[in-house]
2 protein chains.
Amino acid sequence: MGRWEPDTRGRLERAAIELYLEQGFAQTTVAQITRHAGLTTRTFFRHFLDKRDVLFVGMDELTERVAKAIAAAPAAWPAIKAAASGMNIAAAALQLRRDEAQDRRKLINTTPELRERELMAFAAVAKTVDGALSERGTDERVARVTAEAVLAAFRVAFEYWGEHPDRELPQLVDETLDELKRALGSDA
Amino acid sequence: MGRWEPDTRGRLERAAIELYLEQGFAQTTVAQITRHAGLTTRTFFRHFLDKRDVLFVGMDELTERVAKAIAAAPAAWPAIKAAASGMNIAAAALQLRRDEAQDRRKLINTTPELRERELMAFAAVAKTVDGALSERGTDERVARVTAEAVLAAFRVAFEYWGEHPDRELPQLVDETLDELKRALGSDA
DNA sequence: AGCCGTGATGACACTTGATGTCATCCCAAG
DNA sequence: CTTGGGATGACATCAAGTGTCATCACGGCT
């Protein structure tokens, strides 16, 4: 057996989320987390950028998948359709971990600090979508605004999903995008 | 003369921005700011929520004006047009303080911490726009997604403005919104 | 078997942001 | 002249986050 118990990162992650859910994010100190995991506070910051980071692991990997989906979309598709297909990948992934995602959502919704971080995560996805669209040859500004708009729709659908957990997120994203199209088209 | 020099808040604000621009945000400590202003660190936190807050004063007031503009828009206008008129108010206000706004933008763009806060500020405006649209009788989800989309366009225009400071922000916002409409409409 | 480099963790000190609390002093209302 | 409130100073304290060095297991190499 090793010098230390295995799965340091996993233990930290589980301890953190358990404490966050139990007593709130702000009320939880890193010292408490590491005590639960049998580690030192220094080690926590070797595995996570900061206290909030724990709740956003896996984001990068998901973002990668979104980019790949957009790159794999038929070249004939307009940017909006390609981008939407990327959002569907993300939505499906979150739907698969519904309960976990909803727990995280509640935590984030009640903690401004976490909300900030979530917005940064969304912004990172938007930047990736932007890049993937540009890669397809979409005009620069169109790529940017399409990426931002698609993520705007995703955010709204995601929030709505929190209020209606029994709905399916991918479908909500589709509906929201349709509503956006109608709303923007109604300008005559 | 009073016990203290007047305009505490203004002195803090000026000292902070001067130091942020001169040596960077992260490298500036609150102690340095208050030393420059001849005050104590405790007093800084009585006037500002945190170190970043200094760069976002006036946001609330501007947001209020946006809400009023939307409320004052002709009832016959579709939600998107009313929301866009609100964005024009904001864009015009920033255009009036172009140099200051651009300085702030550069600072924010090079500091993740500040970027986070900026996203929160945008989110707050989106929520206000959402509320103003709902007030006009717009359907709930349409109001939400329209607000988010309009702010998405604003963000893109704002970023573009940073790269082309000689362009006029209000016009950039209009152009970006038009591009968004085309991009979403091209879905056949 | 014994040596050694590498990587992960512990231990410790330190800086800084942020908050609570009480004392102090100006000022304005009465 | 008194009094009460608002703003600030002074002080203590906590928690986040970082730098640094020591420590120890493990795997490869000889």
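Below, chain A is the first sequence line, B the second, and so on; all start at residue 1. What you see is a predicted model, and the numbers here were worked out from it, not measured in a lab.
Seen from the ring of B:Phe56, B:Arg104 counts as a face-on cation partner, given the 6.0 Å and 45° thresholds. By the 6.0 Å and 45° rule, A:Arg52 does not stack over the aromatic ring of A:Phe25.
One can place NE2 of A:His47 at 7 Å from C1' of C:dA8, the figure rounded to the nearest angstrom. Here the C1' atom of nucleotide C:dG10 and the CZ atom of A:Arg35 are 16 Å apart, to the nearest Å. Distance, B:Phe48 CZ to D:dT8 P: 11 Å, rounded to whole Å. Counting to the nearest Å, the P atom of C:dT16 and the CG atom of B:Leu19 are 14 Å from each other. The separation between B:Arg42 atom CZ and C:dT19 atom P is 8 Å, rounded to whole Å. The distance between atom CG of A:Asp50 and atom C1' of C:dA18, rounded to the nearest whole Å, is 16 Å. Distance, A:Glu116 CD to D:dA16 P: 16 Å, rounded to whole Å. Here the C1' atom of nucleotide C:dA8 and the CZ atom of A:Arg11 are 12 Å apart, to the nearest Å.
No hydrogens or angles were tested; on distance alone, nothing pairs the side chain of A:Arg46 with the base of C:dG7 as donor and acceptor under 3.5 Å.
Contact check, A:Thr8 against C:dA8: no side-chain N or O comes under 4.0 Å of OP1 or OP2. A:Thr29 has no side-chain polar atom (N or O) that falls below the 4.0 Å cut-off from OP1 or OP2 of D:dC14.
Counting non-hydrogen atoms of neighbouring residues, nucleotides and ligands closer than 6.0 angstrom, the NE2 atom of A:His36 reaches no more than 12 such neighbours.
A salt bridge does not link A:Arg117 with B:Glu116: every distance from a Lys NZ or Arg NE/NH1/NH2 to an Asp or Glu carboxylate oxygen is 4.0 Å or more.
Residue A:Thr28 is in sugar-phosphate contact alone, with no base atom involved, counting any heavy-atom pair closer than 4.0 Å across all strands shown. Residue contacts shown for B:Thr41 are absent, as no nucleic acid heavy atom lies under 4.0 Å away.
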Practice item. I would like to know whether A:Glu159 and A:Arg105 meet salt bridge (charged side-chain N to carboxylate O under 4.0 Å, His left out); could you show each step before the answer? Key: CA-CA 9 Å; A:Glu159 188 184 339; A:Arg105 247 199 103 277; 5.8 Å; no

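Among D:dA16, C:dG10, C:dT19, the nucleotide with an atom closest to any side-chain atom of B:Phe45 is C:dT19.
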